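What follows is a short report on a single structure.
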Protein chains: 2
Amino acid sequence: MSTKKPKSSSLEKLLNQISGRWTMYILWILDNNGSLRFGELGREVAGISTKVLTERLRKLEAMGVVYRDYKATIPPEVTYGLTERGQELSRTLDPLCELASRWYDSP
Amino acid sequence: MSTKKPKSSSLEKLLNQISGRWTMYILWILDNNGSLRFGELGREVAGISTKVLTERLRKLEAMGVVYRDYKATIPPEVTYGLTERGQELSRTLDPLCELASRWYDSP
DNA sequence: TAACTTACTTACTTTATAGTAGCTACTTTA
DNA sequence: TAAAGTAGCTACTATAAAGTAAGTAAGTTA
């Protein structure tokens, strides 16, 4: 049947890329706060280590959903934000977020 | 500002529950195929081991998004499917899936 | 002069996750 | 009589991921 399994391998691929711990949450934070410096972002994503935050940002950058703006001042100033792709992606999280508050925030 | 960070802790909670490998993909499969027996499901989620499949299903059951229907025939027949909650949840994956094919399926 | 700042990187340890294989039950089929 | 089938569970091993802590640059501030 041609309506079944509509190219789900691409979904699998996308899910594999974003399904790790913190990843989607970082996107969400960037979407809600706009671009943030590394340190600010780290404080928003409470509990993450700088190592993992860096890893995630590199990965998201490689996916083209996050951009990195580096200014070689001293101390350096590095800003992260969503690309257009990133905004598209984080918009798909909106229904998930709505569901989360319905399920888990007290009525 | 009250419009910022709209109770994102519930999103964090939900993401933590569903963000492991295979989890969302299983939901997707159940949504697209309807209820399936354990073995069928395992074959659809290509590459997963029975151990992990069982783990995921138990977790999804505990979340109330998947039901388990056990018939003690010989051999036993166990069927899994989405609850109403599960359908709600997997529907939120639709935009993600749409994005995935736009990004990763060749134009 | 010592301490502080930012945005990392590196090495190391710990923990979590996943995979493998074997075992169970009982009946049906070859 | 032996094998096949289902839906697991269990113990064990392997691998991946995450956390910790220390170090780096070079200028500014106390």
Side-chain angles (χ1 to χ4, degrees), chain A residues 12-30 33-63 65-83 86, chain B residues 12-30 33-63 65-83 86:
Chain A
E12 222 186 333
K13 182 175 173 180
L14 181 57
L15 288 177
N16 280 342
Q17 286 187 93
I18 64 174
S19 77
R21 202 181 166 191
W22 309 116
T23 310
M24 289 193 263
Y25 195 57
I26 290 171
L27 290 175
W28 176 254
I29 295 285
L30 285 176
N33 295 68
S35 62
L36 291 174
R37 294 181 62 178
F38 183 83
E40 296 174 314
L41 186 50
R43 265 167 258 129
E44 289 293 324
V45 187
I48 198 172
S49 67
T50 66
K51 185 192 121 185
V52 173
L53 180 56
T54 302
E55 277 173 17
R56 290 297 183 275
L57 288 169
R58 294 280 177 280
K59 193 174 177 183
L60 291 169
E61 216 192 329
M63 285 176 66
V65 296
V66 158
Y67 69 83
R68 177 177 190 266
D69 181 38
Y70 174 75
K71 279 182 193 139
T73 53
I74 293 191
E77 183 173 346
V78 185
T79 306
Y80 292 92
L82 296 181
T83 62
Chain B
E12 221 186 334
K13 180 174 174 180
L14 181 56
L15 288 177
N16 280 341
Q17 288 188 92
I18 63 174
S19 78
R21 202 180 168 192
W22 308 116
T23 311
M24 290 193 264
Y25 195 56
I26 290 171
L27 290 175
W28 176 253
I29 295 286
L30 285 176
N33 296 68
S35 61
L36 291 173
R37 294 181 63 178
F38 182 83
E40 295 174 314
L41 187 49
R43 264 167 259 130
E44 288 294 323
V45 187
I48 198 172
S49 66
T50 66
K51 186 192 120 187
V52 172
L53 180 57
T54 303
E55 277 172 17
R56 291 297 182 275
L57 288 170
R58 294 283 176 278
K59 194 175 177 182
L60 292 169
E61 215 192 328
M63 285 176 66
V65 296
V66 158
Y67 69 83
R68 177 178 191 265
D69 181 39
Y70 175 75
K71 277 180 193 141
T73 53
I74 293 193
E77 183 172 345
V78 183
T79 306
Y80 292 93
L82 296 180
T83 62

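Proteins get letters first, then strands, A, B, ... in listed order; numbering begins at 1 in each. Because the structure is a prediction, the values reported are computed rather than measured. Just so you know, these numbers use all the heavy atoms, side chains as well, and skip hydrogens, waters and symmetry mates.
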Exercise for review: Mind running a 4.0 Å heavy-atom check of residues 50-62 of chain A against DNA chain D and sending the residues that fall below it, in number order?
Suggested key: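 By residue number: A:K51, A:V52, A:R56.
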Please round to the nearest 0.5 Å and tell me the distance separating atom [atom1] of [X] and atom [atom2] of [Y].
{"X": "A:W22", "Y": "B:L15", "atom1": "CH2", "atom2": "CG", "answer": "11.5 Å"}
{"X": "A:T79", "Y": "A:K71", "atom1": "OG1", "atom2": "NZ", "answer": "6.0 Å"}
{"X": "A:E12", "Y": "B:M24", "atom1": "CD", "atom2": "CE", "answer": "12.0 Å"}
{"X": "A:E40", "Y": "A:I29", "atom1": "CD", "atom2": "CD1", "answer": "12.0 Å"}
{"X": "B:R56", "Y": "B:K59", "atom1": "CZ", "atom2": "NZ", "answer": "6.5 Å"}

Practice item. Report the distance from atom CD of A:E77 to atom P of D:dG27, rounded to the nearest whole Å. Key: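 So the two atoms are 17 Å apart, to the nearest Å.
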**Study point:** Whole-Å distance separating the OH atom of A:Y25 from the C1' atom of D:dA18
**Key:** 19 Å
Practice item. State which residue, out of B:I26, B:L30, B:L82, fulfils the side-chain contact (heavy atoms from CB on, under 4.5 Å) condition with B:L60. Key: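 Among B:I26, B:L30, B:L82, the one that satisfies the side-chain contact (heavy atoms from CB on, under 4.5 Å) with B:L60 is B:I26.
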**Study point:** Pair partner, C:dA30 [Watson-Crick or wobble, under 3.5 Å]
**Key:**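 Across any shown strand, C:dA30 pairs with D:dT1.
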Practice item. Residues of residues 35-43 of chain B with any non-hydrogen atom less than 4.0 angstrom from an atom of DNA chain C: list those, numerically ordered, please. Key: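 Residues of residues 35-43 of chain B that come under 4.0 Å of DNA chain C do not exist, since none gets that close.
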Revision key, fill the gap. Per-nucleotide protein contact along nucleotides 23-30 of chain C, 5' to 3', at a 4.0 Å heavy-atom cut-off (B base, S sugar-phosphate only, - neither), is ---BS---
Check your understanding: For B:R21 and C:dG19, is the shortest distance between a side-chain N/O and OP1 or OP2 below 4.0 Å?
Key ->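 Answer is yes, contact under 4.0 Å.
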Check your understanding: Within the pair A:Y80 and C:dT6, is there a side-chain N or O less than 4.0 Å away from OP1 or OP2?
Key ->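 Answer is no, no contact under 4.0 Å.
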[Y] side chain reached by [X] side chain, heavy atoms, under 4.5 Å:
{"X": "A:N16", "Y": "B:Y25", "value": "no"}
{"X": "B:L41", "Y": "B:L57", "value": "yes"}
{"X": "A:L14", "Y": "A:M63", "value": "yes"}
{"X": "B:L36", "Y": "B:E44", "value": "yes"}
{"X": "B:S35", "Y": "B:Y67", "value": "yes"}

